[in-house]
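Okay, so here's the structure we're looking at.
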Amino acid sequence: MHLRRRVLVTGGAGFLGSHLCDCLLSKGCDVLCVDNFYTGSKRNIAHLIGNPYFEMCRHDITFPLYVEVDEIYNLACPASPIHYQNDPVQTTKVNVHGSINMLGLAKRIKAKILQASTSEVYGDPSVHPQPETYHGNVNCIGPRSCYDEGKRCAETLFFDYFRQHKLKIKVARIFNTYGPRMHLNDGRVVSNFIVQALRGKPVTIFGDGTQTRAFCYVDDLIEGLMRLMDSIDDVTGPLNLGKPGEFTILELAKKVIELSNSRSEVIFEPLPADDPRQRRPDITLAREVLGWEPKVELEEGLKKTIAYFNELLSSTI
Ligand code: NAD
Ligand code: UDP
Ligand code: UDP
């Protein structure tokens, strides 16, 4: 009998995973963090080393893993387009082989398992905002496909293990999330703009900047993930988690420049292939079944993230 809930977090040294490890430990869980440091970093979890209820294991989840835990959060997968397109075959492998391994593990040890899926399963959506019932508009042969189709196949595997092997599954479709501990060279828009603005470099807008995204602060997202894991077994998802406010990329650039007290100019660069035009979550379901509502407004979250990068940049010069 284990007094503390034993929780495995794959991708635990990444941006979201490291915040999740923090929250689980603060709630009294015994945390096993598994990561191969593909995009994650020891810096993100350095403050946890020495905590007797935290354990770090360097491992690639495309290979089998034999451990004993009560719950699994499956977050291992590069999330930024630059990183997931760097080795697209590995991106599909981590989503397909990695998910099969984690589902096989969950089946053997009868653990509850949560998948970090993504709004990318909706592709370049023709329905706006996106409810969970929308099946998406995804290109299966483009440069984003390794991630989009990989995550879609992972959802298929989760639901087949649920139907075929009666696993307890939870699938979260995460929309754009930002905050401290994003990688300095992450490549996603919020960290790119902040780092450019703080360095006084031009802020790079891809396309004309009229495309939209909705941005959720990391603390809100982690709260949503943990509520989903703790929900009753009937709640499998897929469940959208994100913050509904929608901003154009040009609006975001201006806000970041202003809040960083920067003199950076904005410059326009070509729009990458298959870049979604607009995206905003419909979180009606998450509100109903989890009683969850993101609280941190964009400006407040940006200020915290700017402060983080400011400190990081001054310590790495
Ligand atoms: P991240 O790149 O910071 O974290 C991913 C982590 O997974 C890294 O620590 C990386 O080293 C690790 N990893 C990659 N391949 C692995 C492998 N084969 N074995 C073990 N570890 C491996 O990204 P993030 O933003 O923290 O995203 C975490 C999860 O959430 C991902 O699955 C991502 O697809 C999903 N997600 C994130 C967002 C977002 O906006 N942050 C949005 C949608 C979905
Ligand atoms: N697996 C794992 N850890 C476990 C149990 C299984 O990594 O504790 C992997 C194993 O490599 C297997 C995969 O999960 O290939 C799928 O397991 P499952 O039992 O569903 O299928 P099978 O073993 O029949 O292929
Ligand atoms: N983007 C941008 N400049 C950058 C990085 C991204 O204009 O330096 C744009 C990108 O083309 C997309 C949006 O910002 O339209 C969000 O990009 P991100 O990579 O953060 O996430 P995703 O496209 O996966 O939502």
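Whatever order the structure lists them in is the order used to number ligands and atoms, beginning at 1. This one's a predicted model, so the numbers in the text were calculated from it and none came from an experiment.
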Checklist entry - For ligand 3, is any non-hydrogen atom under 4.0 Å from R279's backbone (N, CA, C, O), its side chain (CB onward), both, or neither? => result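 It is the side chain that touches ligand 3; the backbone stays farther off.
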
Next on the checklist: Test of understanding: given a 4.0 Å heavy-atom threshold, classify the contact between N176 and ligand 3 as side chain, backbone, both, or neither.
Outcome noted: side chain

Can you measure from [atom1] ([X]) to [atom2] ([Y]) and round to the nearest 0.5 angstrom?
X    : Y    : atom1 : atom2 : answer
E300 : L259 : CD    : CG    : 11.5 Å
D87  : Y38  : CG    : OH    : 4.5 Å
D274 : R144 : CG    : CZ    : 7.5 Å
C146 : Q90  : SG    : CD    : 10.5 Å
R280 : N240 : CZ    : CG    : 12.0 Å

Between [Y] and [X], is there a salt bridge with N-O shorter than 4.0 Å?
X    : Y    : value
D230 : K170 : no
R152 : E155 : no
R5   : E71  : yes
K110 : E68  : no

Interfacing atoms of ligand 3 (cut-off 4.0 Å, heavy-atom, [X]):
X    : answer
N192 : 4 (C), 5 (C), 8 (O)
E120 : 22 (P), 24 (O), 25 (O)
Q211 : 9 (C), 11 (O), 15 (O)
G187 : 5 (C)
I205 : 7 (O)
R144 : 22 (P), 23 (O), 24 (O)
R188 : 19 (O), 20 (O)
P81  : 19 (O)

Next on the checklist: Regarding ligand 3, does R213 bring an N or O atom to under 3.5 Å of one of the ligand's N or O atoms?
Outcome noted: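 Yes; the residue has a nitrogen or oxygen that sits under 3.5 Å from a nitrogen or oxygen of the ligand.
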
Item to check | V189 N/O to ligand 3 N/O under 3.5 Å | outcome: yes

Item to check | Those protein residues which place at least one heavy atom below 4.0 Å from ligand 2 | outcome: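 Under the 4.0 Å cut-off, ligand 2 touches P64, L65, Y66, I100, N101, G104, L105, K107, R108, Y161.
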
Item to check | K168 NZ: over 12 foreign heavy atoms closer than 6.0 Å | outcome: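 No - once you tally the heavy atoms of other residues, nucleotides and ligands closer than 6.0 Å, there are 12 at most.
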
Item to check | K243 to F175, cation-pi by 6.0 Å centre distance and 45° axis angle | outcome: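 Negative - K243 is either too far from the ring of F175 or too far off its axis.
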
Next on the checklist: Is it the case that the side chains of H128 and Q130 hold a donor-acceptor pair, with the cut-off being a distance below 3.5 Å and no angle test?
Outcome noted: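 On atom types as modelled, these side chains qualify, holding a pair under 3.5 Å.
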
Checklist entry - Do L20 and V7 pass the side-chain contact (heavy atoms from CB on, under 4.5 Å) test, and can you show the C-alpha distance, the side-chain angles, and the key distance before you say yes or no? => result CA-CA 11 Å; L20 180 60; V7 185; over 6 Å; no

Item to check | Residues that F215 engages under ring pair (Phe, Tyr, Trp, His ring centres under 6.0 Å), provided they are two or more places apart | outcome: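 Per chain and number, F215 pairs via ring pair (Phe, Tyr, Trp, His ring centres under 6.0 Å) with no residue.
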
Next on the checklist: Which residues pass the salt bridge (charged side-chain N to carboxylate O under 4.0 Å, His left out) test with E251, not counting sequence neighbours?
Outcome noted: none

Check ligand 1 against the protein and report each N/O to N/O distance under 3.5 Å, formatted as atom name, atom name, distance.
unit_1	atom_1	unit_2	atom_2	d
ligand 1	2 (O)	T39	OG1	2.6
ligand 1	3 (O)	F15	N	2.9
ligand 1	7 (O)	C77	N	3.4
ligand 1	9 (O)	G14	N	3.0
ligand 1	9 (O)	D35	OD1	3.2
ligand 1	9 (O)	D35	OD2	2.5
ligand 1	9 (O)	G40	N	3.2
ligand 1	11 (O)	D35	OD1	2.6
ligand 1	11 (O)	Y38	N	2.9
ligand 1	11 (O)	T39	N	3.0
ligand 1	11 (O)	G40	N	2.9
ligand 1	13 (N)	N36	OD1	3.4
ligand 1	18 (N)	D60	OD1	2.8
ligand 1	19 (N)	I61	N	3.0
ligand 1	21 (N)	N36	N	3.3
ligand 1	21 (N)	N36	OD1	3.3
ligand 1	25 (O)	R188	NH1	3.1
ligand 1	25 (O)	R188	NH2	3.0
ligand 1	26 (O)	F15	N	3.4
ligand 1	26 (O)	L16	N	2.8
ligand 1	32 (O)	L75	O	2.9
ligand 1	32 (O)	K151	NZ	2.8
ligand 1	34 (O)	Y147	OH	2.6
ligand 1	34 (O)	K151	NZ	3.0
ligand 1	40 (O)	T177	N	2.8
ligand 1	40 (O)	T177	O	3.4
ligand 1	41 (N)	R188	NH1	2.9

